[in-house]
Amino acid sequence: MIKITFPDGAVREYEQGISSMGIAKSISEGLARKILVADVNGEIWDLSRPIETDSTISFLSWGDEKAKSTFWHSSAHLMAEAVEETFPGVKFWVGPPLENGFYYDMDLGDQVITETDLIKLEKKMSELAKQNNSFERKPISKADAIHYFKKKGDEYKLDLLSNLEDGQITLYTQGQFTDLCRGPHIPSTGFIKAIKLTNIAGAYWKGDEKNKMLTRIYGITFPNQKELDEYLVFLEEAKKRDHRKLGKELELFTFSEKVGAGLPLWLPKGAMLRGRLQDFMQKAQLESGYLPVITPHIGSKSLYVTSGHYEKYGADSFQPIKTPVEGEEFLLKPMNCPHHCEIYKSSPRSYKDLPLRLAEFGTVYRYEQSGELHGLTRVRGFTQDDAHLFCMPEQVKEEFIKVIDLVLYTFNALGFTDYTAQISLRDKEDRSKYIGSEENWELAEKAIVEAVEEKNLKNVVIEYGEAAFYGPKLDFMVRDAIGRKWQLGTIQVDYNMPERFELTYIGEDNAKHTPVMIHRAPFGSLERFVAVLTEHCAGKFPMWLVPVQVKILPISDKFLPYAENVLKQLLNNDIRAEIDERAEKIGKKIRDTELAKIPLMLIIGEKEINEEKVSVRRQGKGDEGTKTVDELIAQIKEEVNNRTLID
RNA sequence: GCCAGUGUAGCUCAGUUGGCCAGAGCAGCUGAUUUGUAAUCAGCUGGUCGGGGGUUCGAAUCCCUCCACUGGCUCCA
């Protein structure tokens, strides 16, 4: 007999070798029907796997993230079974679960899969699911596993096997499909009731672009149709928030093939919005002791040779511009830091001058691969809310924390609550891509980790190659409408560039020292920030940012003079307002203004003129009754000053 | 850059297996209407069907190529 401990602390005895399913059945049939996997001593196990020793157990059903992952992993196997039947000879790589759904990478050889095949595969999967085949786990020796996949001719599985230790290898079989897999899996395919294969994509084998490109099929499944329907509705809703769609509808920005891919054109309303964000940051920075500077859009190639950027990115950048006579080479500015280093150098610095915080809304140009361009989130020309803080080594931590505070202040003002602080350290395995001494890196990494700990930030640490080549960084990751993660704010500690530029300050000891440099951008770039903000608030910008705050809607042109009078009062109070002068009915004017997501509408007719008031209607909310213009102005000013968020 | 897909008027989209001068709604313009909380009516303008090349008696429809965009992959100073 073995002792099984349950989550509530209860202990019961069972025969050795009983499965979790057996235990569940001993409790209740209802429980046994519902559960997908079990947590046995902290590991997720198949329900059918025999338990041989005293154990702690809890049952997991759909709702639990780990059970969901298992469900989707099993769904990937189900999809593979359907693919193998439809495309004989297919070779499989891996098929993991995702946050939402799963994928499987495969080599289809000469066969081509299209969107219409996905429908067929979905049907096939449904048929296979209905067979309710169980997922059977089978431990196997390495030699036997190699033999099996050699016979099958699947070199990808053989590659996986080469990294596995004998004695730890298992196969899973459901129906006609057997896969090398460590598991676990749900009990049987019958749990999978609703299936959607979402898209086909290419994916490099092992994520390396030098390798062959495999075919990746993405899908998602649910235990019932209702949840799938809800998921599809969610995706539809998310599409409505897409900044590319809203950017067009709200006339924020556009692109032109003639101007070039990835080069956004800011329309008047977008420029207004961006200007407000820039003002916000400028003010916050002035209050925090930053000094605005301005530097040119190009810089001599030698500047980037000094910084190390040329060696690192030169070949993959927009190529140098040559002066026609002298043949001097200039680069379109891909970052502002080297320019700011030269500003630092423009005069001798004392320790009393530090920290020196140079800030610039600097527009930079980077050659991004064509396939990478994406709306405003990934472009070839963008403006960073950049600044470089030059400080003494002992000031790094304090300055770093102050920057974190500024980022949090910014996010808070805009209602971003769902973000992750991502600490990127050097790649543990490959140090060749970094410049600078081991000692400097240690210092920089330590400064970041300590600052994040001190601020108690929810964070993840990445140790495989996310750091910049000159230093570690802390990025603030925010999700877009459909859950894709984007880096917004970034803070980077850099001991290297000051050395390369031979920056110095005279210390208290009257000797020369090298300052430390902190690169930082709370928004990241105005382009990306506007994109994520647009999706975050679904195009309903708060009063302090919205390009047009008030639209005045006269009921007929008889009331235009009064409307103009109201407009003048609003404009005099720095309120962004317009009049809809068209000879349209009020219903039409309201509809158009609602769709333009302008927060306040003032309806003006006979009644308002007689009362010397305006009727106020709020976007998405409806009639708010009448007010005097002065009352309205006071209300708007309050909303602007408080930076009231749209709920 | 790579894999797959898409590209018809400013916007959203229709255009059967290649076949009369390529269509609709919205927007725009003109006129009428002077309107009370989400679409007033009528008329008109607007496209060498992403660019180039080819096949064909004939191409928006088929082929090649380039460009842009979409979903991924890779990359992201």
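Residue numbering restarts at 1 for every chain, and letters A, B, ... go by the order of the sequence lines.
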TODO: Start with the C-alpha gap between A:D107 and A:W93, add the side-chain angles, then the distance that decides, and say whether side chain to side chain donor-acceptor pair (under 3.5 Å) holds.
DONE: CA-CA 8 Å; A:D107 182 349; A:W93 173 234; over 6 Å; no
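Mapping A:N199 and A:M335 onto RNA chain B by nearest heavy atom places A:N199 at the nucleotide closer to the 5' end.
At a cut-off of 3.5 Å, with distance as the only test, no side-chain donor of A:Q319 or A:Y367 sits close to an acceptor on the other residue.
Proximity of A:K206 to the phosphate of B:C73: no side-chain N or O atom is located under 4.0 Å from OP1 or OP2. In this structure, A:R244 reaches the B:U70 phosphate: one of its side-chain N or O atoms is under 4.0 Å from OP1 or OP2. For A:H374 and B:G71, the shortest distance from a side-chain N or O to OP1 or OP2 is below 4.0 Å. In this structure, A:K588 reaches the B:A27 phosphate: one of its side-chain N or O atoms is under 4.0 Å from OP1 or OP2. For B:U12, one of the phosphate oxygens OP1 or OP2 lies less than 4.0 angstrom from a side-chain nitrogen or oxygen of A:K248. Residue A:R484 has a polar side-chain atom (N or O) positioned under 4.0 Å from OP1 or OP2 of B:G72.
Heavy atoms of A:F255 sit nowhere under 4.0 angstrom from any nucleic acid atom.
Comparing atom distances between the A:I555 side chain and each of B:C76, B:G72, B:G36 picks out B:G36 as nearest.
Here the C1' atom of nucleotide B:C26 and the CD atom of A:E249 are 13 Å apart, to the nearest Å.
Taking the six-membered ring where the residue is Trp, A:H309 and A:Y470 present perpendicular rings, their angle passing 60° and hence far from 30°. Using a 30° and 60° split on the angle between ring planes, A:F253 and A:H243 fall in the tilted class, from 30° to 60°.
Checked for salt-bridge contact, A:E237 and A:R241 miss the test: no charged N lies under 4.0 Å from a carboxylate O.
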- [ ] For nucleotides 2-7 of chain B, just jot down a letter per nucleotide in 5' to 3' order: B, S or -, based on protein non-hydrogen atoms under 4.0 Å.
- [x] BB----
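B:A77 has no stacking from A:F469 on its base ring, since the centres under 5.5 angstrom apart and planes within 30 degrees of parallel are not both found.
In this structure, A:F416 has its ring center under 6.0 Å from that of A:F529. The aromatic ring centres of A:H388 and A:Y344 sit 6.0 Å or more apart.
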